[in-house]
Amino acid sequence: MTPELLTVPQAMAVLKVSRWTLYNLIRSGALASVIVGERCRRIPVSALNDYVTRLCEEAA
């Protein structure tokens, strides 16, 4: 079963970007994320898919 929420390190690995870049994408609104509990940030797999789709559409 594929997890529907990824940790920051998992999302970094999928996109092959640094922690700084991932948090900048989240801050800018380009990549959606959720907070679980008080401090646990998670990135939905669907948000990663949407972000990559937008990048591909912009490149075309």
Side-chain angles (χ1 to χ4, degrees):
M1 179 172 134
T2 304
E4 295 192 25
L5 294 174
L6 301 177
T7 63
V8 169
Q10 290 170 327
M12 289 167 44
V14 169
L15 293 176
K16 298 186 178 24
V17 298
S18 68
R19 179 177 296 272
W20 185 85
T21 299
L22 187 73
Y23 276 107
N24 275 342
L25 290 171
I26 292 168
R27 268 188 232 106
S28 72
L31 182 62
S33 69
V34 296
I35 303 286
V36 178
E38 291 185 30
R39 298 183 51 169
C40 297
R41 184 169 300 274
R42 298 292 184 260
I43 296 87
V45 172
S46 60
L48 281 179
N49 291 334
D50 293 345
Y51 175 69
V52 172
T53 299
R54 281 195 310 273
L55 288 179
C56 291
E57 288 171 354
E58 290 172 7

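- The closest donor-acceptor contact from the side chain of R19 to the backbone of V8 lies at 3.5 Å or more, if one exists at all.
- Separating the CZ atom in R27 from the CG atom in L22 is a distance of 9.5 Å, to the nearest 0.5 Å.
- Cluster annotation: L25 and V34 are assigned to distinct hydrophobic clusters (Ile/Leu/Val/Met/Phe/Trp/Tyr, side-chain heavy-atom contacts under 4.5 Å, transitive).
- Hydrophobic cluster membership differs between V36 and Y23, with clusters built from Ile, Leu, Val, Met, Phe, Trp and Tyr side chains linked at under 4.5 angstrom.
- For the residue pair L5 and R42, the shortest heavy atom distance occurs at CB-CB, 3.9 Å.
- When all heavy atoms of S33 and R41 are compared, the closest pair comes out as OG-NH1, 2.6 Å.
- Atom-to-atom distance recorded for T21:OG1 and K16:NZ is 14.0 Å, nearest 0.5 angstrom.
- Closest non-hydrogen pair, A32 versus A47, comes out as O-CB, 3.6 Å.
- Rounding to the nearest 0.5 Å gives a distance of 11.0 Å between CG of N49 and CZ of R54.
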